[in-house]
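Notes follow once the structure below has been shown.
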Amino acid sequence: MKTLLQVNASLFSDHGQSSQLAARFVQEWQREHGDARVISRDLAREPLPHLSAERFQAFITKPEDRTAEQAAHAGASDALIDELKQADTIVIGLPMYNFGIPSTLKAYFDHVARAGHTFRYTEKGPEGLLKGKRAVIFAARGGLYAGTPADTQTAYVRDFLRFLGIEDVEFVYAEGLAMGEEPKARGLAKAHEAIRTLTVPLAVAA
Ligand SMILES: Cc1cc2nc3c(=O)[nH]c(=O)nc-3n(C[C@H](O)[C@H](O)[C@H](O)COP(=O)(O)O)c2cc1C
C-alpha cells in the first residue's frame with residue numbers, strides 16, 4: 001500500500017497557505033491512489049523541542065545503555081524516523097519566516113538526521129539511507145525569492161533531503177502572498193497549476 005507522509009510547518013496549522021497547498025496535492029494524490037495511507041504531522045500542533053546536548057546524547061547512546069529519559073528522547077526520534085521510512089511520498093508545507101525555514105521544521109530535521117538510521121558515514125562520505133522516496137515541497141512566501149540568491153530554503157531543503165537519501169525532490173512555489181490581492185491571487189493560481197501538473201495521471205501525461 002502506498003503511504004504519504006505530510007509534514008506541515010505553518011504557524012497557522014491547517015490554515016497556513018503552505019498547508020492548504022499541501023492538502024490540495026494530498027487530496028489529488030489520494031484520488032489517484034485509492035487505498036493509500038496518509039500520515040499527518042503538524043509541527044505547530046505538536047512542536048518538537050530544539051535539539052539539546054541531552055537529546056543528542058540519548059540518540060547516540062546504545063539502546064541497552066539508555067536511561068529512562070534517554071529512551072524517551074530516542075523513542076520520540078525513532079517514531080518520526082519510522083514515519084519517514086514508511087512513506088513513499090513525503091509532502092512538506094514550507095512557509096518562509098524571517099528569511100528562512102520555520103524553526104519547527106529545523107527541530108524536526110534535527111530529530112530525523114540520525115547516524116545509522118537515516119544516514120551513515122562511509123569512506124566515500126555520507127550516504128543517505130532513505131532511498132527510493134519522492135518529496136514534494138510546498139513553499140509559501142510573502143515576497144519573491146524563487147531562482148534568486150535570497151532563496152535560502154530551496155537549496156537547503158534539497159541538500160538536507162539528499163543527505164538522507166531522498167533525491168527526487170520537487171518544489172511548488174506560492175510567492176508574492178504579502179504583495180497585495182492581485183499578486184497573491186497570481187501566486188496561488190501558479191501553485192494550483194503546478195499541483196495539477198504534478199498530479200495529472202500518468203496515462204494522461206504520456
Ligand atoms: C513570522 C512571519 C515571518 C515572515 N517572514 C517572511 C519573510 O522573511 N519573507 C517573506 O517573503 N515572507 C515572510 N512572511 C510571509 C509568509 O511567508 C507568508 O505569510 C506565507 O503564507 C507563510 O506560509 P503559511 O501561510 O503556510 O504560514 C512571514 C510571515 C510571518 C507570519
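Ligands are counted one by one from 1 in listed order, and the atoms in each one are counted from 1 as well. All values reported here derive from a predicted model rather than from experimental measurement.
Classified by interplanar angle (parallel below 30°, tilted 30° to 60°, perpendicular above 60°), the ring pair Phe25/Phe138 is tilted.
For Asp82, the side chain to side chain donor-acceptor pair (under 3.5 Å) criterion is met by Gln86, not counting sequence neighbours.
Salt bridge status for Glu181 with Lys184: absent, with no side-chain N to carboxylate O gap under 4.0 Å. Looking at Glu175 and Lys190, no side-chain N of the basic residue comes within less than 4.0 Å of a carboxylate O on the acidic one, giving no salt bridge.
Hydrophobic cluster membership of Leu129, counting Ile, Leu, Val, Met, Phe, Trp and Tyr whose side-chain heavy atoms lie under 4.5 Å apart directly or via other members: none, as it forms a cluster of its own.
Within 4.0 Å of ligand 1, protein heavy atoms come from Ser10, Phe12, Gly16, Gln17, Ser18, Pro95, Met96, Tyr97, Asn98, Phe99, Ala140, Arg141, Gly142, Gly143, Tyr145, Leu177.
Applying the ring pair (Phe, Tyr, Trp, His ring centres under 6.0 Å) test to residues at least two apart or on different chains, the pairs with a partner in residues 50-94 are Phe59-His111.
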